[in-house]
Structures are given as C-alpha cells and as structure tokens.
Amino acid sequence: MAIPNVKRFRIASPDGKDYATLMACVPKGTDLNKYLQEASARFDWKSWQEQRASMFKVRVGQQKQKKAK
C-alpha cells in the first residue's frame, strides 16, 4: 500500500558522480530547489556508498563440503 502525497526526488552527491532517490512529503508552498539542496547537504553520502558497495560483496569460505565416499 502506497503512502499518499509522497513524491520521489533524485539528489546528486557533491562530486556529481552518484545519485540517490529521496522520498518526501513536502508541504504546499515550499521552495523545492532550496529543500533539495539542503537535503543533499545533510545526506550521509559516505555511508550510502559503503552500503551500496557491501550489497555486491560475495561471501567466501562458507561453502558446503562434499562427503568423501
């Protein structure tokens, strides 16, 4: 079930290489450009990049052993 009045915004990292999706319920009359600049400045880009990198790590060393006959 979706949350009503929630909009998606794409914010760019300070270096401009990465983009993140921000979901927010913004009140009427708010300056969106100012809001997105502030949100981009407050966003924790370092932990976001670490989380993204850890998603693709392959686990090694826990494979199932074959039974010797």
Side-chain angles (χ1 to χ4, degrees):
M1 191 161 120
I3 301 171
N5 301 326
V6 172
K7 297 191 189 240
R8 291 179 174 212
F9 302 101
R10 285 188 60 146
I11 56 174
S13 65
D15 59 2
K17 293 181 181 178
D18 291 321
Y19 292 94
T21 302
L22 176 73
M23 294 178 71
C25 184
V26 183
K28 288 183 182 178
T30 304
D31 184 15
L32 283 178
N33 290 331
K34 187 176 177 182
Y35 175 78
L36 293 175
Q37 284 177 346
E38 182 185 336
S40 180
R42 287 185 295 149
F43 193 77
D44 191 3
W45 289 101
K46 185 178 178 186
S47 70
W48 182 79
Q49 288 171 343
E50 288 172 2
Q51 179 189 16
R52 215 169 138 196
S54 71
M55 234 186 283
F56 299 109
K57 286 186 180 175
V58 177
R59 230 175 130 184
V60 178
Q62 301 262 337
Q63 288 85 9
K64 206 172 191 182
Q65 301 261 330
K66 287 186 179 180
K67 270 190 175 178
K69 290 186 178 181

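Along the sequence shown, residues are numbered consecutively beginning with 1.
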query = What are the two closest non-hydrogen atoms of Ala12 and Ser40, and how far apart are they?
reply =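 Ala12 and Ser40 have their closest heavy atoms at O-OG, 2.9 Å.
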task = Measure across Asp18 and Trp48 and return the closest heavy-atom pair with its distance rounded to 0.1 Å.
result =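 Shortest heavy-atom contact: CB-CZ3, 3.6 Å.
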Gap between atom [atom2] of [Y] and atom [atom1] of [X] - 0.5 Å precision:
X: Glu38; Y: Ile11; atom1: CD; atom2: CD1; answer: 11.5 Å
X: Phe43; Y: Ser13; atom1: CZ; atom2: OG; answer: 10.0 Å
X: Gln37; Y: Leu32; atom1: CD; atom2: CG; answer: 11.5 Å

message = Tell me if the CG atom of Asn5 is crowded by more than 12 foreign heavy atoms within 6.0 Å.
response =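 No - once you tally the heavy atoms of other residues, nucleotides and ligands closer than 6.0 Å, there are 12 at most.
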request  = Please assess Trp45 against Asp15 for the test side chain to side chain contact (heavy atoms under 4.5 Å, CB included), listing each intermediate value before the final yes or no.
outcome  = CA-CA 10 Å; Trp45 289 101; Asp15 59 2; over 6 Å; no
